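The structure displayed is predicted, hence computed values, not measured ones.
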Amino acid sequence: MSSPDSRTVAPQTPDEAATRAAFFEAFGGVRGMIETTVPGLVFVLSYTINRSINVSAVAALSISAVLAIARLARRDTVKHAFSGVFGVAFGAVFAMISGDAKNFYLPGMLYTLGLAVAYIVTSLAGVPLLGLMLGPVFRENLSWRTRNPGRKVAYTRASYVWGGILLAKSAITFPIYFWGDATQLGWLRVALGIPPFLVAVYFTWIILVKAPAPIDVIAEWEAREEAEKAEKAEREAAARSADGPAEQEGAVQAGEGSGA
């Protein structure tokens with residue numbers, strides 16, 4: 001009997017339903033975009049009105065915490081609930097300590113730039129970051145690296161898309177950080193929050209939905225476990241059936257011996 005691991009070629013039919021579900025899980029869906037944008041919007045609105053860094057930072061952190069609590073109350077994914085809170089908290093601390101409202105956005109800007117570099121570098125290295133992120137979500141883990149070359153190519157292309165879009169975003173925001181004011185930077189960050197993300201998701205969807213379907217290595221592992229259990233049960237049953245006649249023969253011989 002051949003094991004599931006003996007398969008080296010992935011199924012060639014793209015799975016649109018699986019791709020759609022994985023995207024919503026990995027990127028947080030519409031709610032995730034809102035949670036990413038609203039705290040920054042609250043900060044820039046507050047700062048535009050009252051020019052107080054502390055009040056604006058606390059307001060942004062408070063709304064981020066409320067959104068996280070709402071996620072937890074709905075039993076949504078914890079990673080989406082806390083990632084936004086930590087990001088806003090870092091920005092709030094930076095702004096309050098430095099006394100410069102522009103520094104509220106600096107951690108997020110550095111994260112965006114670092115993520116852009118990571119997408120490009122990992123793609124050049126043959127281990128595209130998007131594949132590392134989505135592999136567990138698709139239940140394929142790292143099987144795309146050796147068993148699904150078409151999918152590896154798709155992950156590489158999509159990672160370049162993300163890297164290029166995030167680099168372009170950084171190229172727009174960093175000059176405003178150095179030479180603009182906090183209000184300009186804040187509104188620019190809000191404006192560049194959702195649109196680039198949607199563009200990247202759209203092109204990633206187009207690329208992945210045309211790629212070979214993922215290999216469900218979790219299902220393979222479960223099937224292998226079931227096969228091993230079935231084989232073990234068969235061996236035990238065969239051993240019991242073999243022991244039965246031997247025990248009966250021994251009992252007959254013992255009876256004959258006592259009769260003699």
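One hydrophobic cluster holds both Val199 and Val161 under the rule that ILVMFWY side chains link at heavy-atom gaps under 4.5 Å. Placement of Val153 and Leu134 in two distinct hydrophobic clusters is found when ILVMFWY residues are connected by side-chain heavy-atom separations under 4.5 Å, directly or transitively. When hydrophobic clusters are built by joining Ile, Leu, Val, Met, Phe, Trp and Tyr residues whose side-chain heavy atoms come closer than 4.5 Å, directly or via intermediates, Val44 is grouped together with Leu188. Hydrophobic clustering (side-chain heavy atoms under 4.5 Å, transitive across Ile, Leu, Val, Met, Phe, Trp, Tyr) keeps Val85 apart from Phe90. Leu110 and Val121 are assigned to two separate hydrophobic clusters, defined by single-linkage of ILVMFWY side chains at heavy-atom distances under 4.5 Å.
Looking only at side-chain heavy atoms (C-beta outward), Asp181 and Leu185 stay at 4.5 Å or farther from each other. Residues Arg189 and Thr112 have side chains in contact (heavy-atom distance under 4.5 Å, counting atoms from C-beta outward). The shortest side-chain heavy-atom distance between Leu45 and Val42 does not fall under the 4.5 Å cut-off. Taking the side chain as every heavy atom from C-beta outward, Glu222 and Glu226 never approach each other to under 4.5 Å. The shortest side-chain heavy-atom distance between Arg51 and Thr183 falls under the 4.5 Å cut-off. Within the 4.5 Å cutoff, the side chain of Val201 has heavy atoms near those of the Trp162 side chain. The closest side-chain heavy-atom distance from Trp144 to Ile215 is not below 4.5 Å.
One finds the CD atom of Gln184 at 14.5 Å from the OH atom of Tyr177 (value rounded to the nearest 0.5 Å). In this structure, CZ on Phe86 lies 11.0 Å from CG on Leu61, to the nearest 0.5 angstrom. Note: Lys152 NZ to Arg157 CZ = 13.5 Å, rounded to the nearest 0.5 Å. Here the OG1-CG distance, from Thr36 to Leu67, works out to 10.0 Å after rounding to the nearest 0.5 Å. From Glu228, atom CD reaches atom CD of Glu231 across 7.0 Å, with rounding to the nearest 0.5 Å. Rounding to the nearest 0.5 Å places CG of Leu192 at 12.0 Å from CD1 of Ile165.
Within 6.0 Å of the CZ atom in Phe174, the count of heavy atoms belonging to other residues, nucleotides or ligands exceeds 12.
For the residue pair Ala101 and Ala182, the shortest heavy atom distance occurs at CB-CB, 3.5 Å. The minimum heavy-atom distance between Ala154 and Ala211, with the atom names listed, is CB-CB, 3.6 Å. Of all the heavy atoms in Tyr119 and Ser159, the pair that sits closest is CB-O, 3.4 Å. Minimum interatomic distance between Asn148 and Pro214 (heavy atoms only, all atoms of both residues): ND2-CA, 4.1 Å. Closest approach of Ser123 to Thr156, counting heavy atoms only: OG-O, 3.7 Å.
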TODO: Evaluate the side-chain contact (heavy atoms from CB on, under 4.5 Å) criterion for residues Ile207 and Thr204: first the C-alpha distance (whole Å), next the side-chain angles of each, then the deciding distance (0.1 Å), finally the verdict.
DONE: CA-CA 5 Å; Ile207 293 170; Thr204 303; 5.8 Å; no
- [ ] Please test Val217 against Phe138 for side-chain contact (heavy atoms from CB on, under 4.5 Å), starting from the C-alpha separation and ending with a verdict.
- [x] CA-CA 9 Å; Val217 295; Phe138 282 118; over 6 Å; no
- [ ] With side-chain contact (heavy atoms from CB on, under 4.5 Å) as the test, would you mind laying out the steps for Val66 and Ile69 before giving the verdict?
- [x] CA-CA 5 Å; Val66 168; Ile69 292 171; 5.7 Å; no
Do any side-chain atoms of residues 53-60 form donor-acceptor pairs under 3.5 angstrom with protein atoms, and if so which ones, sequence neighbours left out?
from  : atom 1 : to    : atom 2 : distance (Å)
Ser56 : OG     : Ser46 : OG     : 3.0
Ser56 : OG     : Tyr47 : N      : 3.0
Ser56 : OG     : Ser52 : O      : 2.7

Contacts under 3.5 angstrom, residues 125-133 side chains, donor-acceptor by atom type, not counting sequence neighbours:
none

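The pair Glu220-Arg147 meets the salt-bridge criterion, since a charged nitrogen lies less than 4.0 angstrom from a carboxylate oxygen.
Note on residues 132-143: pairs passing side-chain hydrogen bond (donor to acceptor under 3.5 Å, both in side chains), not counting sequence neighbours, are Arg139-Asp216, Glu140-Arg151, Glu140-Tyr155.
Partners of Ile120 by side chain to side chain contact (heavy atoms under 4.5 Å, CB included), not counting sequence neighbours, listed by chain and number: Leu124, Tyr160, Leu167. Partners of Ile49 by side chain to side chain contact (heavy atoms under 4.5 Å, CB included), not counting sequence neighbours: none found.
Taking Ile, Leu, Val, Met, Phe, Trp and Tyr as members and joining any whose side-chain heavy atoms lie under 4.5 Å apart, directly or through other members, the hydrophobic cluster of Ile97 also contains Val93.
Between Phe43 and Tyr105, the ring planes are perpendicular. Angles over 60° get that label, and only those under 30° would be called parallel.
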